[in-house]
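For the numbers below, each heavy atom of this structure counts, side chains included, while hydrogens, waters and symmetry mates do not. One is the number of the first residue; the rest follow in order along the sequence.
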Amino acid sequence: MRIGFGYDAHRLTEGRKLILGGVDVPFEKGLLGHSDADVLLHAICDALLGAAGMGDIGSHFPDTDPAYKDISSSKLISHIQTLIKNNGLSIVNIDSTIVAQRPKLAEYIPLMTANIAKTLNLDTGQVNVKAKTEEGLGFTGTGEGIAAYAVALIQVRGER
């Protein structure tokens, strides 16, 4: 068994969609980034890559490469799932937390969970998504941005 940790943060800005966990969340602002800036999927990508000992999201999908401009992070995480599988590894579970003062995310969490599970070929019971506020503290608490944390447990196929 191997465990990995991931973190990501992006600034909120006008004129972009807010995509979290591959779900379009209605809000007046979206996240600024080279891709769709999905902080939740980016954190999960880093957790999976870390557990697999395969570097980080930036080494696989550099923000200097125009091929990844505005790309859906669902495509990135799907590619990482293929890398993991092709290296004889399998995902055991993922636990994640989105940190945002606004918007309220509770009603979107089941959609995010289902979307992540489907993209990674997992059961929904293997994916956990939570959302927290920071009670007005820090850049997430003041509404300047959104952050996400994730841990992933993977195993070598056949290992118990």
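For H34 and T64, the side-chain atoms include no donor-acceptor pair closer than 3.5 Å.
Note that the CD1 atom of I44 and the CD1 atom of I80 stand 10.5 Å from one another [nearest 0.5 Å]. One finds the CG atom of L111 at 12.0 Å from the CG atom of L20 (value rounded to the nearest 0.5 Å). Summarising the geometry, atom CE belonging to M112 is positioned 5.0 Å from atom CG belonging to L105; distances are rounded to the nearest 0.5 Å. Interatomic distance, I84 CD1 to L49 CG, rounded to the nearest 0.5 Å: 6.5 Å. Summarising the geometry, atom CD1 belonging to I116 is positioned 5.5 Å from atom OG belonging to S96; distances are rounded to the nearest 0.5 Å. Annotation: the span from Q101 atom CD to T133 atom OG1 amounts to 4.5 Å, rounded to 0.5 Å.
Neither I19 nor I71 shares a network with the other; the hydrophobic side chains, linked directly or stepwise wherever heavy atoms of I, L, V, M, F, W or Y lie under 4.5 Å apart, form separate groups for each. F5 and I3 are not part of a single hydrophobic cluster, where members link through side-chain heavy atoms under 4.5 Å apart.
Residues R16 and D70 have side chains in contact (heavy-atom distance under 4.5 Å, counting atoms from C-beta outward). By the 4.5 Å heavy-atom criterion applied to side chains, L18 and I146 are counted as neighbours. Side chains of P103 and V25 form a contact here, defined as non-hydrogen atoms less than 4.5 Å apart. Side-chain atoms of L32 and L12, non-hydrogen and from C-beta on, never get closer than 4.5 Å to each other. Here the side chains of E134 and V99 are in contact, with some heavy-atom distance below 4.5 Å. Side-chain atoms of I94 and V151, non-hydrogen and from C-beta on, never get closer than 4.5 Å to each other. Side chains of R11 and E144 form a contact here, defined as non-hydrogen atoms less than 4.5 Å apart. Side-chain contact between L89 and Q155 is absent, with no heavy-atom pair separated by less than 4.5 Å.
Within 6.0 Å of NZ in K17 there are 12 or fewer heavy atoms belonging to other residues, nucleotides or ligands.
Among all heavy-atom pairs drawn from D24 and P26, the shortest one is O-CD, 3.6 Å. Here the closest non-hydrogen pair linking T140 and A147 is CG2-N, 3.8 Å. The heavy-atom pair separating A150 from A47 by the smallest distance is O-CB, 3.6 Å. Residues L83 and M54 share a closest heavy-atom pair of O-CE, 3.8 Å. Here the closest non-hydrogen pair linking S59 and P62 is O-CD, 4.5 Å. Residues F139 and A9 come closest through the heavy atom pair CZ-CB, 3.7 Å.
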Next on the checklist: Set out, in order, the CA-CA distance, both residues' side-chain angles and the distance that settles side-chain contact (heavy atoms from CB on, under 4.5 Å) for K130 and I98, then state yes or no.
Outcome noted: CA-CA 6 Å; K130 303 175 295 292; I98 304 165; over 6 Å; no
Checklist entry - Between H42 and S35, is a side-chain contact (heavy atoms from CB on, under 4.5 Å) present by the stated rule, with each step listed? => result CA-CA 10 Å; H42 291 184; S35 67; 3.2 Å; yes
Item to check | Residue pair L120, L48: steps toward the side-chain contact (heavy atoms from CB on, under 4.5 Å) verdict | outcome: CA-CA 11 Å; L120 295 174; L48 291 168; 4.3 Å; yes
Next on the checklist: Pair L41, L76 - check side-chain contact (heavy atoms from CB on, under 4.5 Å), show working.
Outcome noted: CA-CA 8 Å; L41 291 187; L76 305 182; over 6 Å; no
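Residue pairs satisfying the side-chain hydrogen bond (donor to acceptor under 3.5 Å, both in side chains) criterion with at least one member in residues 107-129, sequence neighbours excluded, are listed as follows: D95-N128.
A centroid separation of less than 6.0 Å is found between the aromatic rings of F61 and H79.
S73 pairs in a side-chain hydrogen bond (donor to acceptor under 3.5 Å, both in side chains) with only one of the listed residues (D8, D38, D36), which is D36.
Looking at residues two or more places apart in sequence or on another chain, you find a side-chain contact (heavy atoms from CB on, under 4.5 Å) between R102 and F27, E28.
For E14 (side chain) and K29 (main-chain N/O), no donor-acceptor pair under 3.5 Å exists by modelled atom type.
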